[in-house]
**Student:** 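Quick one: structure below, then a few questions.
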Amino acid sequence: MMFDDPQEPDISFAADHYPDQEQENIQCSQGHRTTLSIRTQQGGSIYLLCLSNLISNPRAPTLHVSYVLSQLSDALSQPLFLTSLLSFHPHFLISPLLHALSSFDDDPIAQQLIDIISALCAFASDSVTADFIAQVAEKLSSGALAWSRRQLYMLHCLGILLNCQINDPCMHIREKEALVSNLVAGLQLPSDEIRGKILFVLYKLSIQGYASRDGLGANVLQAFCPSLLRLSMEALLKTQRDDVRLNGVAFLMLLAQIGLFGNGHGNDINSLSSDEADDLMQTIEDGLDESPLSVLFAEAIKGPLLSSDSQVQISTLDLIFHYLTCGDAFSKQIQILIEENIVDYVFEILRLSECKDPLVYSCVRVLNLFPCTEQSFRQRLIIGFQTLIPVLRYVAEVPFHPAQTFTLMLIQNCVSDCPGIASTSNIEELALILSRMLERHRDGEIGMIPETFLLVCSIFVALLKFPSSQGASNLAAFLQESLKHAVLACLTISEKDPGQLLHCLYLLKEAYSYSHEACCANTSSNLELRTCIVDICTSHILPWFSMAVNELDEETVMGVFETFHFILIQNPDVQATELAKVLLSSSWFCFSFGCLGLFPAEKMKWRVYLMLSSLVEVLLGNQAGQPIRDAVFSLPSDPIDLLFLLGQKNSHDLDLSSCQAAVLLLLHFSCLHDDWLADERSVLASLEQYILVNSGDFLSRSIDSLTMMQVLNLYGLCRGLAKASNQVSHSLEAERILFHMLCQSEWDLPSAVIHPVAVTWLFQQEKISKPLSCQLLKFCRRDCSDGNRILIHRDNNQTIDVRVIADLVARRDNHAAKLLMCLLVELAEEGAQNQDIIAVVNLILTVINIFPTASDQLCLHGIGNAILMVVYYNSSHSSSLELLLATLLLLFNILSTVHHETLSMANLGLHCLQRYRLIDCLIPAVRKYGWNHEGLLLVGILSLILHNSSSHALIEASKSIIFNASLISTINSTVQVVSSKGPALIEHDEGTSSGENLIFLLLLYYFTLRCFHAVLPEVPDWETFLKSPDMAQPVSIINIHFHDLCRMIHFGSPMVKLVASSCLLEFLSGISYQKKGKHVESQCFMGYIMSIMTVLEGQVFNDNIRVAMNCCLCLSIILGWEKELEMQESRVVRSSWYRLIVEEMAMSLAVPCLASKSFINYHKPAVHLTVALLKLEKIPEWIRTVFDDVSISCIIENLKVMDVTPEMVLLFRALLNSGFLKAEHIASLNHVFQACRKRMYNNSKEHTTDKNDQKSVTWSDEVGEICEYLIHLMVSSSDTNSGNKRLFQEIEMFFRSLTEEGSTAQL
């Protein structure tokens, strides 16, 4: 090879200087063959032999060598050159390149050579790479380079070659043991660079040789294992370079994976001298130390764990994981790692990791390998607990994060082994994280493997057992949400993984137990928690369980039963009772026995019966389920077998008696809730058989009261249901025995738990009327408290309460009403204690208050006679004010609720109030007690009698009231005293005694006037009512002079004005009705009328619209007597007051915004007065001025369909009849009224509102409420045609008038 320039060898000169010569004739200066030359892309050629000679010459200038290598590197990047080289001379450069690598101590040249070797191996065939590996390994195995720089280059090259992707590279290494031996020896050198490369080569040799066919990894390395392990660990311990650490950790991890760590521990002692080995064995036996190799390993990994390179930390953590899981790790080795604070290092990495994914996973995976049984590890785990919470918060947000389970396991170990580890804030934070995990799992946002779900439940359970959990205010709320999400998630996958549901149910039980902790069981949060748990059971678990029971395994079914049972046996509370009621409403008895059919195992039978016993106790209390628990081992699983047991004669067999008691309790309780274990006929047949075969016990009264009531309930229920379904087949003998027992034994129906159907059947049996009357009296005595008021409500709706009695009395299919009346009469006749009579009276009052229709049944069965007997007994014997008050209240309520037809049918007035002179007993009591509480109540009763007589009932009783001289005298004297007060009468309102008395007397007078038409069809001359009280009267009747009424209307309080004006209206209406058409010439009467009109005119604008309405109606009536009274025209025609009233009314209808504020709501009363004026023979001229065309048009324009009232239609009808309306007015009104009538047709509910709007009556003895009710009767009786019915009638009358006046209106 020739060089033109000694500083720049030209290896391509032949192509440059002789371009025209053929390639075959070109030779280099050394005369080498042209076949060893390869053309380059630039047109030159490279002579491979010259290149080889140059780079192989150790004495060649490094500059020349570097230049040649750079030219070769550039040529290798050219596809044409690379293809030619690899096609014709693929192995030619191997030896020169390796010789050059082992000849020059120059880093750049070594790097160039290694790059060229890498490039050739990358594109050449595997044989080229194998040749490189074989020669490099041979040089390293020989040890000729003696760990010089050239040895380092060669080692680096071998590492790169081993990294190439060829099959089984270790197969080409001939002296494997020698190679490994030299490498192991090199680890002792103090150079980090050498150790790092040796570790890398060893790693590559191991990982590839272990998989090779000759098994280099296991066989070769095993011989050097103790020294190799120690030297590798020492290298790792001494280095500060992260690349060396990575290589060392990787190599050690591989050794652990292929199982050489165990050999290293075993051979570690053999590698020592005899004295060292003896000392080491002695220390191991004494337990004072462990193998130095384990200590060295712990020390070696500390540096990498503290590295700033996360990849080094992750690799080191993986090394620890494989070290502890290689299968050869001893407990002492684990203990050494703990004592060397490796756990602390890992927790510190975790704390500083900022929740980076690979690092977090590696840390928690390693920490889970340390056994929690080690006290030293538990101590470190406690210290690191705070670090785990933020890690859990992070991994919980990532679906299927691999560190989730490991983190949860660590936390579960913490909270399980160290109950005091978590503070209140820690508990709440963990609860929030776990709740969020369950919520996202349920929503499908993230998944959760079964192990993770179980850990979440276990951690929650452990948190609940912490003493500090009771101070976590939000824990109960988080727990509620968690339970909901967990249960709903489990129910959807229960068939796939029933274990999750069982853990969820366990959490449910522990949560319920937590809510019952004695220190805070009654806090609002725990109450809400219990309510939530019961709601979950009733709303989710129970419906699912009922539907899926056939597809579940026995363990899951048992788990659900245990959960429900656990809730029931806790301290009885509202939540447990609610669960019991829901279970019973879901036919739990039948369902339970169905489960016994599916799973007939003994433990399932025990669980079912024990739960049913608890179910009974929750609702009945007092250890009511004990009979079931006593016989649980002997009871069969089939309900048919239970009935068979019941029908056997016990013959004092204790076991059979115990079983029969349990069967009776099961049948009794299940039937109470309509959850029959068998059909009614089978139960009745078995029960009759039980009565018949054990008749001696029944007849001798040796049956205990509990058994007797259970038999009575079952028998009555079966018979009642049979009667309802028209099944009459039964045993007469069994019935006789049962009735005999009821008549001869002491039993307590009021305190019994019995089905309403059974109660109804009992009260239908006339044969046991006597014992039933005793039970009614017992009920009255027991349920009277707090001032003789009946307790209406009880907790157990199957216990006899007053509502059951009221329902029986109100119905006609039993003898309850008759028995109650007979009991009251019997008590009065026998002179029983007042408290018994009062108790019965109060019971009847309560019955009427619950079911007002019960009054009809009571009247039909002689309530009047019973009341008379009580009044007579009280007046003759006890004179008890309390008894009198109760009786009066009863009479008042009867009269206020009974239907008029019933009164007439029962002849209450004839037999009670007349024949037995009850009125004669009541009226003297008014004089006796005066106008006190009892006296006013009596007046109220008299008012109700008069009110009922207006419907043609109690006629004779009403006459005795109206013509009673004593009562008339009392009323007259009282009215004279009050009316004489003049203007001071305003102070006597309903809040004062005198005002209250006056209102009651006015109400009595009102109802007297109302009943005149029915009671006194031939009333005396109406002028009699106008005469002064001082004048001689032909007939003495209740009467308040109109002067007194006018004073009360003018001076009285609002309530007095209302009642007095109603009386005056009724008085004038009666006169108008009876004297219509008669001509009156009495000037005296004319004077009376003028004074009445003066008072009435002053009340047209009264604040109470009802008073104003009454006064306007009175004026309308009087104006209607125009002809009869020969009324002077000027009295009305010239009255500016009437004109003002009409003008204000017209203004409020035409232009509401201009009307007086005080008159806006008073157009209704004024309408009646206006209509009366329009009906006069001579209509005042000023009315035509008020109702001109413009005014009427404005009124009609403002009239909307929703605003139409009966008074408006009445006004337009009067205007129509008086000729005030024109055709366009009539057309507009016709449209409005038609639309109004259509709306009433469409709104059917509005038609019935007035009909059903009836004030409820209470049996309160408050005088104010009695007065309020009487006023309600007064107002409602005067408004019988109010509302939509009256509006409809008025519209119909308008159209009828329109038809009659068609020609006049010019339609």
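This chain uses plain numbering: 1 for the first residue, then up along the sequence. As the structure is a computational prediction, the values presented were derived from the model and not from experiment.
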**Student:** Taking the side chain as everything from C-beta on, heavy atoms only, tell me whether Phe1220 gets closer than 4.5 Å to Leu1174.
**Tutor:**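 The answer is yes; the side chains approach within 4.5 Å.
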**Student:** For residues 1205-1217, which residue pairs qualify under salt bridge (Lys or Arg N to Asp or Glu O under 4.0 Å), counting only residues two or more places apart or in two chains?
**Tutor:** Glu1207-Arg1286, Arg1213-Glu1290
**Student:** Work out which heavy atom in Val1107 is nearest to a heavy atom in Pro1054; give both atom names and the distance.
**Tutor:** CG2-O, 4.3 Å
**Student:** Would you call Leu1002 and Val1056 a side-chain contact if the rule is heavy atoms closer than 4.5 Å?
**Tutor:** yes
**Student:** Go through the structure and list residues passing ring-ring contact (aromatic ring centres under 6.0 Å, His included) with His899, not counting sequence neighbours.
**Tutor:**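 Residues passing ring-ring contact (aromatic ring centres under 6.0 Å, His included) with His899: none at all.
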**Student:** Taking Ser943 for its side chain and Val939 for its backbone only, find out whether a donor-acceptor pair lies under 3.5 Å.
**Tutor:**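 Checking the backbone N and O of Val939 against the side chain of Ser943, a donor-acceptor pair under 3.5 Å is found.
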**Student:** Applying ring-ring contact (aromatic ring centres under 6.0 Å, His included), name anything that partners Phe1212, two or more places apart in sequence or on another chain.
**Tutor:**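 With sequence neighbours excluded, Phe1212 shows a ring-ring contact (aromatic ring centres under 6.0 Å, His included) to no residue whatsoever.
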**Student:** Does Ser958 have any side chain to side chain donor-acceptor pair (under 3.5 Å) partners at least two apart in sequence or in another chain, and if so, which?
**Tutor:**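 Ser958 satisfies side chain to side chain donor-acceptor pair (under 3.5 Å) with Ser949 only.
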**Student:** Does Asn972 reach the main-chain N or O of Ile968 with its side chain, forming a donor-acceptor pair under 3.5 Å?
**Tutor:** yes
**Student:** Does any N or O in the side chain of Trp1182 come within less than 3.5 Å of the main-chain N or O of Arg1139, such that one atom is a donor and the other an acceptor?
**Tutor:** no
**Student:** Could you walk me through whether Ile1266 and Phe1000 pass side chain to side chain contact (heavy atoms under 4.5 Å, CB included), step by step?
**Tutor:** CA-CA 10 Å; Ile1266 295 173; Phe1000 268 88; 4.2 Å; yes
**Student:** Sequence neighbours excluded, which residues qualify as ring-ring contact (aromatic ring centres under 6.0 Å, His included) partners of Phe1051?
**Tutor:** none
**Student:** Can you check whether Val1232 reaches Lys1200 side chain to side chain, under 4.5 Å on heavy atoms?
**Tutor:** no
**Student:** With distance as the sole test, does Asn948 use its side chain to make a donor-acceptor pair with the main-chain N or O of Leu895 at under 3.5 Å?
**Tutor:**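 Pair found, side chain donor or acceptor close to backbone of Leu895.
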**Student:** Nearest 0.5 Å, what's the CG-CG distance between Leu888 and Asn893?
**Tutor:** 11.0 Å
**Student:** Could you tell me the separation between the NE2 atom of His1041 and the SG atom of Cys1046, rounded to the nearest 0.5 Å?
**Tutor:**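 Here the interatomic distance stands at 9.5 Å.
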**Student:** Run Val1142 and Leu1169 through side chain to side chain contact (heavy atoms under 4.5 Å, CB included) and show every step you take.
**Tutor:** CA-CA 8 Å; Val1142 177; Leu1169 191 58; 6.0 Å; no
**Student:** What distance separates Leu1298 CG from Leu1221 CG, expressed to the nearest 0.5 Å?
**Tutor:**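 CG of Leu1221 is found 9.0 Å from CG of Leu1298.
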**Student:** For Asp1188, enumerate each residue passing the salt bridge (charged side-chain N to carboxylate O under 4.0 Å, His left out) test, keeping only those at least two apart in sequence or located in another chain.
**Tutor:** none
**Student:** Sequence neighbours left out, what passes side chain to side chain donor-acceptor pair (under 3.5 Å) with Ser1193? Give chain and number order.
**Tutor:** His1225
**Student:** So, using side chain to side chain donor-acceptor pair (under 3.5 Å) as the criterion, who are the partners of Ser951 when residues are at least two apart?
**Tutor:** His900
**Student:** Can you name the residues that form a salt bridge (charged side-chain N to carboxylate O under 4.0 Å, His left out) with Glu1224, not counting sequence neighbours?
**Tutor:** none
**Student:** Do Leu1064 and Ile1092 come close enough that some side-chain heavy atom pair is under 4.5 Å?
**Tutor:** yes
**Student:** As a quick check of understanding, evaluate side chain to side chain contact (heavy atoms under 4.5 Å, CB included) for Leu1065 and Ile1117, giving each step before the final call.
**Tutor:** CA-CA 9 Å; Leu1065 175 60; Ile1117 292 172; 3.8 Å; yes
**Student:** Could you report the tightest heavy-atom contact between Ala1060 and Met1048, atom names first, then the distance?
**Tutor:**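 Heavy-atom minimum between the residues: CB-CB, 3.9 Å.
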**Student:** From Glu1143 CD over to Ser1191 OG, what is the distance, rounded to the nearest 0.5 angstrom?
**Tutor:** 10.0 Å
**Student:** Do you know the tightest heavy-atom contact between Ile1141 and Phe1101?
**Tutor:** CG1-CZ, 3.9 Å
**Student:** Check His1043 against Ser1091 and note the closest heavy-atom contact, atom names and distance.
**Tutor:** NE2-OG, 4.3 Å
**Student:** Is it the case that Glu1066 and Tyr1005 place a side-chain donor and acceptor less than 3.5 Å from each other?
**Tutor:** no
**Student:** Indicate yes or no: does Glu987 engage Lys981 in a salt bridge with an N to O separation below 4.0 Å.
**Tutor:** no
**Student:** Once side chain to side chain donor-acceptor pair (under 3.5 Å) is applied, do any residues pair with Asp1189, and if so which ones, sequence neighbours excluded?
**Tutor:** Lys1222
**Student:** Any heavy-atom pair between the side chains of Lys1057 and Asn1104 that's under 4.5 Å?
**Tutor:**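 Counting from C-beta outward, Asn1104 and Lys1057 never come under 4.5 Å.
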**Student:** Are Ile1291 and Cys1236 packed together at the side-chain level, in the sense that at least one heavy-atom pair is separated by less than 4.5 angstrom?
**Tutor:** yes
**Student:** Rounded to the nearest 0.5 Å, what separation is found between the NZ atom of Lys1285 and the CD atom of Gln1289?
**Tutor:**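 Here the rounded value is 6.0 Å.
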**Student:** Taking the side chain as C-beta and beyond, is there a heavy-atom pair between Leu1009 and Phe1012 under 4.5 Å?
**Tutor:**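 When only atoms from C-beta onward are counted, Phe1012 and Leu1009 do touch, with a gap below 4.5 Å.
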**Student:** Residues in ring-ring contact (aromatic ring centres under 6.0 Å, His included) with Phe1187, at least two apart?
**Tutor:** none
**Student:** Under the criterion side chain to side chain contact (heavy atoms under 4.5 Å, CB included), I'd like the reasoning laid out for Asn1102 against Gln1099: C-alpha separation, chi angles, the key distance, then a yes or no.
**Tutor:** CA-CA 5 Å; Asn1102 192 281; Gln1099 299 298 321; 2.7 Å; yes
**Student:** Applying the side-chain contact (heavy atoms from CB on, under 4.5 Å) criterion to Lys1175, which one of Leu1173, Ile1179, Val1171 satisfies it?
**Tutor:**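 When side-chain contact (heavy atoms from CB on, under 4.5 Å) is applied between Lys1175 and each of Leu1173, Ile1179, Val1171, only Val1171 qualifies.
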**Student:** Could you tell me the separation between the CG atom of Leu1273 and the NE2 atom of His947, rounded to the nearest 0.5 Å?
**Tutor:**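 Here the rounded value is 4.5 Å.
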**Student:** Please, which pairs that meet salt bridge (Lys or Arg N to Asp or Glu O under 4.0 Å) have at least one residue in residues 957-974, sequence neighbours excluded?
**Tutor:**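 Counting only pairs at least two positions apart or across chains, the salt bridge (Lys or Arg N to Asp or Glu O under 4.0 Å) contacts touching residues 957-974 are Glu956-Lys959.
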**Student:** List the atom of Ala1150, the atom of Cys1194, and the distance in Å for their closest heavy-atom pair.
**Tutor:**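 In terms of heavy atoms, the two residues are closest at CB-CB, 3.7 Å.
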**Student:** Are Val1201 and Phe1233 side-chain neighbours, meaning at least one heavy-atom pair lies under 4.5 Å?
**Tutor:** no
**Student:** Please confirm whether the backbone N or O of Ala957 pairs with a side-chain atom of Ser960, one donor and one acceptor, at under 3.5 Å?
**Tutor:**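 It does hold such a pair.
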**Student:** Would the distance check show the side chain of Tyr1269 and the main-chain N or O of Ser896 forming a donor-acceptor pair, the cut-off being under 3.5 Å?
**Tutor:** yes
